[in-house]
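This report refers to the structure that appears directly beneath it.
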Number of protein chains: 2
Amino acid sequence: MGSNPTPGTMKKIQKQANLRIIPLGGLGEVGLNMILLEYKGKILIMDMGLGFPGENMPGIDCIIPNISYLKGKSKNILGAILTHGHYDHIGAIPYILPKIGSILMYASPLAKGIILNRQEDFPNQPKLNIREITDNFKVKLGPFQIEFFRQNHNIPDNFGFVINTPVGNIVHTSDFKFDKSPVNEPPTNFEKLKRIGQQGILLLMSESTGAEEEGHSRSEKTIFENLDKIFKEPRGRIIAASFASLINRIQQLITLSEKHGRKVAIEGHSMKTNIEIAQTLKKIKVKKGTFISIKEIHKFPDSKITVICTGAQGEERAVFMRIANREHKVIRIKKGDAVIFSSSVVPGNERSVQFLKDEFHRQGAKVFHYKMMDIHASGHAQEEELKEMIRIMKPKFFLPIYGQYSMLVRHAELAEDEGIPKENILVVENGSIINLNQRKIFKEKGKVPSNYVMVDGLGVGDVGEVVLRDRQNLARDGMFVIVVIVDRQAGKVKGSPDIISRGFVYLRESKQLLKETRQRVIRIVDIAAGSGGAVNWTYVKDELRNKIGKFLFSKTKRRPMVLPVVIEV
Amino acid sequence: MGSNPTPGTMKKIQKQANLRIIPLGGLGEVGLNMILLEYKGKILIMDMGLGFPGENMPGIDCIIPNISYLKGKSKNILGAILTHGHYDHIGAIPYILPKIGSILMYASPLAKGIILNRQEDFPNQPKLNIREITDNFKVKLGPFQIEFFRQNHNIPDNFGFVINTPVGNIVHTSDFKFDKSPVNEPPTNFEKLKRIGQQGILLLMSESTGAEEEGHSRSEKTIFENLDKIFKEPRGRIIAASFASLINRIQQLITLSEKHGRKVAIEGHSMKTNIEIAQTLKKIKVKKGTFISIKEIHKFPDSKITVICTGAQGEERAVFMRIANREHKVIRIKKGDAVIFSSSVVPGNERSVQFLKDEFHRQGAKVFHYKMMDIHASGHAQEEELKEMIRIMKPKFFLPIYGQYSMLVRHAELAEDEGIPKENILVVENGSIINLNQRKIFKEKGKVPSNYVMVDGLGVGDVGEVVLRDRQNLARDGMFVIVVIVDRQAGKVKGSPDIISRGFVYLRESKQLLKETRQRVIRIVDIAAGSGGAVNWTYVKDELRNKIGKFLFSKTKRRPMVLPVVIEV
């Protein structure tokens with residue numbers, strides 16, 4: 001990367017009077033948010049997030065946006081804005097930076113802290129160059145004059161922004177909710193939002209995660225009061241799980257513990273780290289003496305202990321799962337314990353969470369899993385708030401961003417309800433090239449590459465369709481390797497074929513099946529090899545694959561991956 | 001099976017004055033419902049259902065209850081009661097019958113029709129002997145006098161029952177909801193329920209699926225009215241998906257189509273079959289001329305067409321998925337179509353359903369997926385109804401059945417709220433042996449085997465922990481087979497080792513890795529084989545597995561299953 005466009009291309013680019021908006025991730029899914037803003041070849045990046053793999057992606061660690069479009073354009077990148085410290089907005093940085101080199105980044109102090117901390121896990125990275133965003137902070141990057149404004153979410157230090165561009169003003173909301181009583185921060189500054197709206201907004205890009213939820217999101221105050229009811233009752237230890245990144249919920253649990261005289265032990269590496277960062281930056285309030293180490297909990301009565309830990313989604317190696325499986329080094333659930341799932345279930349995790357709930361019940365805990373603690377209900381604007389944002393900004397054009405396709409569609413409907421003409425609203429997905437000028441918004445014909453890039457261990461993008469399909473097939477019916485040695489001179493199979501099978505049948509109880517299979521293998525190879533002429537081994541292997549595959553299916557109605565190895569000696 | 005207990009055992013059994021209740025499935029999960037009632041060695045079976053595999057069971061078709069306890073007791077089985085025609089209550093029959101032989105079964109006409117139809121897919125089954133249940137039907141089986149009563153659910157012909165036993169009366173609710181305006185059937189006969197309650201109930205066994213849902217389930221009438229709103233509006237084709245077994249919802253969609261002058265095409269083999277059975281038994285009402293074949297839909301204007309099909313859960317091969325993937329032989333979504341998800345999402349299917357929703361949106365359909373159409377909200381009693389059932393039956397003892405452990409616990413809390421003493425309530429899971437007499441209910445110390453039996457193709461119970469774990473590992477990082485030929489006389493590797501790998505890395509792009517791996521393999525084997533003395537090949541293989549495994553991990557941070565094959569020639 002880093003090569004410049006040819007002079008011819010440059011001319012073509014500079015003639016473009018339209019602003020181009022190119023979403024690379026987050027339009028069509030929840031996660032891996034990343035959008036480009038391009039004017040006359042100069043590019044501004046908005047967010048660089050990661051996403052979590054679907055069930056059809058076994059073994060994949062995470063997915064990141066496809067940045068092929070940026071290839072060769074490093075020098076034209078003006079910088080990147082990171083709206084807040086959640087991984088679906090910053091998590092792809094260590095995978096993307098090595099490909100585009102060090103770029104200027106803008107992030108809030110908390111987001112910066114989280115980015116820097118994460119970077120330690122990735123050696124050999126380009127040096128980071130992060131400038132801090134504060135409320136009202138302004139910066140000019142090429143043709144773009146940017147001004148930031150605070151937005152409430154479920155993590156502190158979250159910023160939306162308005163960009164003055166050559167074609168008009170564009171607002172990016174970041175993730176947000178309108179909350180009259182947020183945690184630690186002042187409520188939404190509606191005066192400021194209105195002032196921005198009054199400047200005249202050409203385009204509003206607004207997040208869509210809550211677009212399919214009716215009404216207004218719950219205030220953090222309501223959540224606090226609901227949690228308070230649990231803390232108020234006389235009970236033993238309170239063990240509460242959340243996301244490591246859900247700083248505001250963690251703050252509430254700490255505050256409630258202090259209110260009710262409980263010490264707090266934090267368990268889970270990512271959560272501990274995030275709290276340390278937030279504490280250093282004074283983004284979280286903890287009284288002196290509140291925190292104790294997990295090993296100290298036995299020094300206090302159960303009624304004076306809160307444990308806040310990771311794993312509310314049933315993640316395999318998180319603290320909650322280890323406690324449930326009785327594998328945690330200190331905590332065993334006992335009668336009197338109260339267990340709180342203080343975030344809602346991310347789609348796909350329902351069964352793991354149910355397993356945890358059942359297990360805690362079995363071990364005698366009282367389990368709290370209220371819908372009122374929904375993370376999405378609490379962190380993201382719902383219908384009424386989204387409409388209010390549209391009313392405040394009164395944009396000429398509207399682009400729903402950040403959400404599943406069905407959410408983008410619903411958000412577009414809300415905008416129409418608010419009086420924005422249908423033709424001024426664009427519902428698009430990753431890879432689309434949007435053109436915007438003062439008169440219209442439209443989609444260019446072509447698309448930029450936008451298929452997911454999968455991260456698996458050290459490999460970024462090296463696992464593709466073929467490897468994934470093999471993994472799915474292996475998971476379904478296992479594999480069946482046949483190793484045959486052929487005596488070239490005799491034209492016959494030498495010895496008994498070796499069979500290595502996993503995930504298909506329990507071999508020790510399938511001796512008859514294996515015996516019959518070996519006989520068939522020998523017959524197939526002998527016929528081919530004993531023909532006298534030159535042997536077409538590719539053909540023999542195909543024969544083995546097909547015939548043994550069919551034989552195994554007829555006996556078991558399973559289709560293991562049959563892999564023949566024929567070796568001539 | 002079929003061997004009788006020894007005379008000594010028989011004596012011991014006949015001394016037991018307690019009634020024994022042994023749940024084999026459905027207590028600790030939703031699905032595979034099956035409970036035994038045993039008195040002096042005589043056994044009554046209640047339901048024989050199947051369950052669906054969890055995500056940790058790749059390739060498994062279904063799970064069934066463990067019936068080891070019935071081994072050798074065939075002659076003591078008095079019969080089986082099948083409460084209704086859903087697979088989680090009848091689906092295990094073709095897997096269980098071959099093991100216990102033909103037994104007397106009691107089922108409603110509709111359940112019987114569904115059981116008989118399914119049996120056709122299973123050759124070589126014992127002959128079925130099913131007697132029909134109707135409302136008020138009574139039968140005496142050994143020490144048990146049984147009387148049935150209608151219960152509303154989301155399939156017609158569903159029966160609860162009261163059993164007069166030597167220790168007292170026991171009520172089994174079956175799945176149920178209280179509905180003032182059910183589909184096709186009269187509402188709950190509260191008079192009869194009260195009369196049963198007034199006989200004095202020793203034990204109530206009540207289903208728990210809705211125990212964690214507050215309030216009262218929605219009436220089918222409300223659901224009908226909500227669906228009517230969709231049908232009323234002028235629009236193109238209506239394409240509605242449901243479960244094949246959700247007969248009442250299918251009936252509503254048919255009735256609404258007739259009301260609004262739409263022809264109905266049914267798509268999906270299982271749904272077609274179920275409707276045929278229900279139609280023959282007059283359990284579903286369809287006007288003459290309503291049904292058309294899917295190929296005829298082009299003969300009518302779009303506004304006169306309803307398609308009812310399978311796949312509302314995003315099942316891989318169902319009609320809805322084929323339509324979404326543009327693989328259906330007739331239907332392509334077009335602008336103006338309305339797509340209805342008329343059942344709620346079963347946990348674990350959220351992502352597939354979201355995929356469908358997004359895809360239908362993309363293809364231009366209007367998508368309806370209301371929470372008011374929840375299958376669980378509509379088919380199962382919620383808190384208020386469960387409490388009402390307890391108030392009606394006023395049982396001395398209470399046993400929550402059929403549900404996740406957390407649901408059983410919640411249901412027990414509801415019973416306590418209704419005044420049943422804590423010590424008279426038992427929350428137990430599969431395999432427990434409950435003892436009941438007029439004075440008390442308690443759990444015996446031992447347990448009967450109750451681990452899930454997995455069905456995979458033709459294999460019932462042959463896939464165990466080992467095979468499953470292999471499948472999970474294969475899915476995560478794939479496999480890596482190394483085949484080495486060793487020249488015995490030279491004590492050296494012959495030629496280049498063969499490597500067969502799938503699901504690990506894309507081999508064509510990993511030539512350097514494979515080359516280095518081969519070099520390491522040769523080095524490891526040569527050192528071992530060239531030592532002069534007898535070679536411990538088991539040790540060599542372990543070395544290969546460990547060292548190559550570590551090498552691959554160091555290069556990729558992935559752990560494929562390394563399988564070495566060493567062949568001496």
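Note on naming: letters A, B, ... go to the chains in the order of the sequence lines (proteins, then strands), and numbering restarts at 1 for each one.
Of the two parts of B:E29, neither the backbone nor the side chain holds a non-hydrogen atom closer than 4.5 Å to a non-hydrogen atom of chain A. The part of B:M561 that comes within reach of chain A is its side chain, from C-beta onward, which places non-hydrogen atoms under 4.5 angstrom from that chain. Neither the backbone nor the side chain of B:V367 comes within contact range of chain A; no heavy atom of the residue lies under 4.5 Å from a heavy atom of that chain. Neither the backbone nor the side chain of B:I60 comes within contact range of chain A; no heavy atom of the residue lies under 4.5 Å from a heavy atom of that chain. With a threshold of 4.5 angstrom between heavy atoms, B:E55 approaches chain A through its backbone and through its side chain. Residue B:E413 touches chain A through its side chain alone, counting heavy-atom pairs closer than 4.5 Å. For B:K494, the part sitting under 4.5 Å from any heavy atom of chain A is the side chain, from C-beta outward, and nothing else. Looking at B:R410, there are no atoms closer than 4.5 Å to chain A (heavy atoms on both sides), in backbone or side chain. With a 4.5 angstrom heavy-atom cutoff, B:P564 does not touch chain A via any of its atoms.
Contact tally against chain A (heavy-atom pairs below 4.5 Å) for B:G495, B:S406, B:G59, B:G457: the top residue is B:S406.
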Less than 3.5 Å apart, which donor and acceptor atoms pair up between the side chains of residues 496-511 of chain A and the rest of the protein, not counting sequence neighbours?
unit_1	atom_1	unit_2	atom_2	d
A:S496	OG	A:R518	NE	3.4
A:S501	OG	A:M479	O	2.9
A:S510	OG	A:Y506	O	2.8

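By the salt bridge (Lys or Arg N to Asp or Glu O under 4.0 Å) test, B:K492 pairs with B:D526, sequence neighbours left out.
A distance-only check finds a donor-acceptor pair linking the side chain of B:R471 to the backbone of A:R476 [under 3.5 Å].
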